[in-house]
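Comments concern the structure below.
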Amino acid sequence: MYIRKYEINDDYHVLVGGGSVDAAPLYINLVKRNGEKIDIRYNDIDHFILN
């Protein structure tokens with residue numbers, strides 16, 4: 001499993017995970033500092049950030 005972490009700012013980061021760096025990711029999660037997360041491919045980012 002390959003997991004890459006991208007810091008956005010002090011409140012959010014993105015985790016991208018998958019079985020290979022050459023294949024499509026299994027998930028792309030936007031994660032809040034408190035641990036809440038959504039998969040940005042399927043969920044509403046604006047709703048997540050505003051709540």
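Residues: numbered from 1 along the sequence shown.
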My understanding is that only residues two or more places apart in sequence, or in another chain, count here; which of them pass side chain to side chain donor-acceptor pair (under 3.5 Å) with Asp46?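 For Asp46, no residue satisfies side chain to side chain donor-acceptor pair (under 3.5 Å) once neighbours in sequence are set aside.
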Under the side chain to side chain donor-acceptor pair (under 3.5 Å) test, which residues partner Asp39, sequence neighbours left out?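 Testing Asp39 for side chain to side chain donor-acceptor pair (under 3.5 Å), a comparison that skips the adjacent residues, returns Arg41.
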What's in the same ILVMFWY side-chain cluster as Tyr2, cut-off under 4.5 Å, chained through other members?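 ILVMFWY cluster around Tyr2 also holds Val21.
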Salt bridge (Lys or Arg N to Asp or Glu O under 4.0 Å) pairs, two or more places apart, involving residues 6-21: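 Checked against salt bridge (Lys or Arg N to Asp or Glu O under 4.0 Å) - neighbours excluded - the pairs reaching residues 6-21 are Lys5-Glu7, Asp11-Arg33.
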Would you list the pairs meeting salt bridge (Lys or Arg N to Asp or Glu O under 4.0 Å) in which at least one residue belongs to residues 12-28, sequence neighbours left out?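 Every pair satisfying salt bridge (Lys or Arg N to Asp or Glu O under 4.0 Å) with a residue in residues 12-28: there are none.
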For Leu26 versus Gly19, what's the shortest heavy-atom pair and its separation?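 So the two residues come closest at CD1-N, 4.2 Å.
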Applying side chain to side chain contact (heavy atoms under 4.5 Å, CB included), can you list everything that pairs with [X], at least two apart in sequence or on another chain?
X: Ile49; result: Tyr12, Leu30, Ile45
X: Leu50; result: none
X: Ile3; result: Met1, Leu15, Tyr27

With rounding to the nearest 0.5 angstrom, report the CG to NZ distance, Asn43 to Lys37.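 If I round to the nearest 0.5 Å, the distance is 12.0 Å.
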Going hydrophobic residue to hydrophobic residue with side-chain gaps under 4.5 angstrom, can you get from Ile40 over to Phe48?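 Yes, Ile40 connects to Phe48 through the hydrophobic network.
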